[in-house]
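Input: a single structure, listed below in structure tokens.
We're numbering straight along the sequence, starting at 1. As the structure is a computational prediction, the values presented were derived from the model and not from experiment.
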Amino acid sequence: MERYIIKGGKPLVGEVVIGGAKNAALGILAAAVMTDGVCTIDNMPNVRDINVLLQAIQEIGATVNRKSPNEVEISGRGINPDDLTVDNDFIRKIRAGYYLIGALLGRYKKAKVVLPGGCEIGARPIDQHIKGFRALGAKVVIEQGMIIAEAEVLKGNHIYLDVVSVGATINIMIAASMAVGNTIIENAAKEPHIVDVANFLNSMGANIKGAGTDVIRIRGVEAFHNTEYSIIPDQIEAGTFMMAAAATRGDVIVKNIIPKHMEAISAKLLEIGAEVTESDDAIRVKADHRLKHTQIKTLPYPGFPTDMQPQMAVTLGLSTGTSMIVESIFENRFRYVEELRKMGSNFKILDGSTAIITGVEKYVGAELDAPDLRAGAALVIAGLAADGYTTINQIGYIQRGYERFEEKLRGLGGRIEKVDSDEELNRFIFSSGSVKKN
Ligand code: UD1
């Protein structure tokens with residue numbers, strides 16, 4: 001079983017280049033099957049969730065031509081409209097397979113897609129997606145673990161989302177882009193990846209306005225065409241490296257990003273005493289002293305992202321004073337706290353949604369299990385900041401969303417290695433931090 005072994009205690013220093021946004025890519029790749037033309041998509045992150053989605057896309061007959069690890073050509077030509085079933089052991093484990101419902105329903109007016117999996121961070125219902133598809137005139141049923149959606153004609157409608165949902169906004173937007181007439185999505189999510197999926201659809205010929213605000217207006221079109229598109233940088237990968245710089249008291253320039261997307265994270269780092277310097281497409285985070293406490297509530301964009309909550313918590317766990325984090329998006333997002341306790345942290349969880357964090361001077365290395373994707377990345381940060389050795393099991397979660405994570409961290413001087421056996425682990429410990437270069 002692959003694990004990370006980390007020798008902590010060394011500040012991260014240097015430059016790191018951020019890849020394309022996973023959560024934008026998932027929507028974009030699914031939407032690409034809506035044309036028989038060729039969509040050339042660049043800056044695609046080469047991570048597990050993306051590869052699983054590409055495989056599912058191929059399995060329904062679409063053409064997937066991987067030009068390089070980060071560039072792909074997709075064409076819906078070859079899809080058999082009489083068999084639009086999306087199911088395999090891998091797609092069951094990810095969340096974003098459900099964007100194929102929006103894409104196939106939009107284009108072929110029917111879809112049969114396995115219910116989504118994804119990280120166990122809460123109940124994660126899909127009622128708003130279904131409400132949206134039904135409002136567009138589709139009949140939607142759930143049978144034997146599959147979501148089956150069908151419509152004679154998909155017709156534009158006025159849809160008010162009861163909760164601000166990234167997934168539902170993207171999914172309804174994709175389907176409605178090929179409906180007859182106009183759709184208005186109100187109380188839409190505003191995340192940068194929603195804008196990116198809308199821009200991609202527009203580049204294929206869709207007519208979507210208002211993405212990035214809470215009212216999205218879509219005029220349905222009949223057909224899409226070829227496009228070439230480059231995915232935006234990953235806000236959460238960038239934020240993770242910013243937090244890693246802060247927690248290890250390092251000095252890191254995070255490159256190839258859109259600083260505007262990072263505002264909630266930059267503001268909190270500034271508030272706790274880190275130096276944060278922005279340039280056109282980079283942010284430098286420097287922290288040469290112990291940082292301070294603060295209060296945080298996770299919120300939909302432009303609020304503080306729930307996907308950055310564990311990384312921020314790890315940083316606050318080393319800061320002075322007492323911090324508070326309120327998780328308002330998902331019910332089960334503090335599972336990493338139990339792991340972090342093994343490192344000597346001082347967290348108290350009240351009613352499942354609030355963490356009270358009393359900062360400690362140092363974490364100490366421990367053997368940990370990654371409970372989910374972002375919490376896994378946060379535990380890596382904790383290990384890099386800790387005294388001694390940390391092992392992290394279940395790193396498959398981390399590989400779902402971070403490309404070459406350990407390699408990028410080593411580029412910043414982090415002493416971390418992916419090992420596959422006790423022998424390899426002991427070799428790393430023996431060499432006591434002299435890290436093998438790839
Ligand atoms: C997406 C991201 C995930 C991120 C989350 C919030 C992907 C693949 N995943 O997840 O990394 O943490 O946005 O930024 O893009 N809800 C409902 N009914 C629905 C849909 C959602 O009640 O039909 C609730 C959820 O339980 C949650 C909240 O709405 O409490 C927000 O969820 P949502 O924005 O939909 O998250 P995902 O799209 O699943």
Side-chain angles (χ1 to χ4, degrees), residues 16-32 39-54 57 68-72 74 94-99 102-103 118-119 165-171 173-174 188-204 208 211-212 227-244 254-266 280-283 300-309 311 329 373-374 376-377 397-405 408:
V16 62
V17 179
I18 299 306
K22 169 182 83 84
N23 289 346
L26 291 166
I28 287 171
L29 298 177
C39 300
T40 308
I41 299 157
D42 197 7
N43 204 30
M44 180 187 71
N46 182 21
V47 295
R48 239 176 233 187
D49 276 14
I50 295 294
N51 293 321
V52 166
L53 183 65
L54 286 176
I57 287 173
S68 74
N70 302 107
E71 189 179 10
V72 69
I74 297 180
I94 75 165
R95 185 126 197 98
Y98 59 30
Y99 291 142
C119 286
S165 159
V166 171
T169 303
I170 291 180
N171 225 343
M173 187 170 79
I174 292 174
K190 297 180 281 203
E191 269 68 3
H193 35 291
I194 289 170
V195 180
D196 209 36
V197 177
N199 286 344
F200 170 74
L201 285 163
N202 284 341
S203 79
M204 286 206 289
I208 300 171
T227 184
E228 284 181 18
Y229 196 80
S230 184
I231 295 170
I232 53 164
D234 197 303
Q235 176 205 27
I236 305 301
E237 188 195 9
T240 301
F241 279 99
M242 289 166 68
M243 228 39 91
V254 183
K255 296 175 86 169
N256 187 34
I257 61 172
I258 301 174
K260 171 98 187 123
H261 295 167
M262 309 307 303
E263 274 174 355
I265 298 156
S266 299
D280 281 355
D281 65 349
I283 293 183
Y301 189 83
F304 192 89
T306 173
D307 283 359
M308 281 302 301
Q309 182 260 99
Q311 304 89 316
I329 310 288
L373 164 59
R374 304 304 172 184
Y397 284 118
I398 302 171
Q399 291 162 338
R400 289 181 45 180
Y402 291 89
E403 184 172 348
R404 298 183 290 108
F405 194 39
K408 290 187 181 185

Could you tell me if the ring centre of Phe405 sits under 6.0 Å from that of Phe241?
yes
Derivation of the side chain to side chain contact (heavy atoms under 4.5 Å, CB included) call for Arg400 and Val52:
CA-CA 9 Å; Arg400 289 181 45 180; Val52 166; over 6 Å; no
Would you indicate whether the side-chain heavy atoms of [Y] and [X] approach each other to under 4.5 Å?
| X | Y | value |
| --- | --- | --- |
| Tyr301 | Gln235 | yes |
| Ile41 | Phe200 | yes |
| Ile232 | His261 | yes |
| Asp234 | Lys22 | yes |
| Met308 | Ile236 | yes |
| Asn202 | Tyr229 | no |
| Ile28 | Met44 | no |
| Ile50 | Val72 | no |

For [X] against [Y], the heavy-atom pair lying closest together:
| X | Y | result |
| --- | --- | --- |
| Ala31 | Met204 | O-CE, 3.4 Å |
| Ala21 | Ile231 | N-CG2, 3.6 Å |
| Pro259 | Ala282 | CG-O, 3.9 Å |
| Ala238 | Met262 | CB-CE, 3.7 Å |
| Ala377 | Thr240 | CB-CG2, 4.1 Å |
| Gly167 | Tyr98 | CA-OH, 3.6 Å |

Heavy-atom donor-acceptor pair, [X] side chain to [Y] backbone, under 3.5 Å:
| X | Y | value |
| --- | --- | --- |
| Asn256 | Pro233 | no |
| Glu237 | Gly19 | yes |
| Lys408 | Val17 | yes |
| Thr169 | Ala189 | yes |

Can Arg48 and Tyr397 be counted as having a side-chain donor-acceptor contact under 3.5 angstrom?
no
If only side-chain N and O atoms count, and only distance matters, is there a donor-acceptor pair under 3.5 Å linking Asn43 with Asn70?
no
Step-by-step side chain to side chain contact (heavy atoms under 4.5 Å, CB included) determination, Asp49 to Leu53:
CA-CA 6 Å; Asp49 276 14; Leu53 183 65; over 6 Å; no
What's the separation between atom [atom1] in [X] and atom [atom2] in [Y], rounded to the nearest 0.5 Å?
| X | Y | atom1 | atom2 | result |
| --- | --- | --- | --- | --- |
| Asp307 | Ile329 | CG | CD1 | 9.5 Å |
| Ile174 | Ile208 | CD1 | CD1 | 8.5 Å |
| Glu71 | Ser230 | CD | OG | 9.0 Å |
| His193 | Leu26 | NE2 | CG | 9.5 Å |
| Ile194 | Ser165 | CD1 | OG | 8.0 Å |

Given side chain to side chain contact (heavy atoms under 4.5 Å, CB included), test Glu228 with Asp42 step by step and report yes or no.
CA-CA 8 Å; Glu228 284 181 18; Asp42 197 7; over 6 Å; no
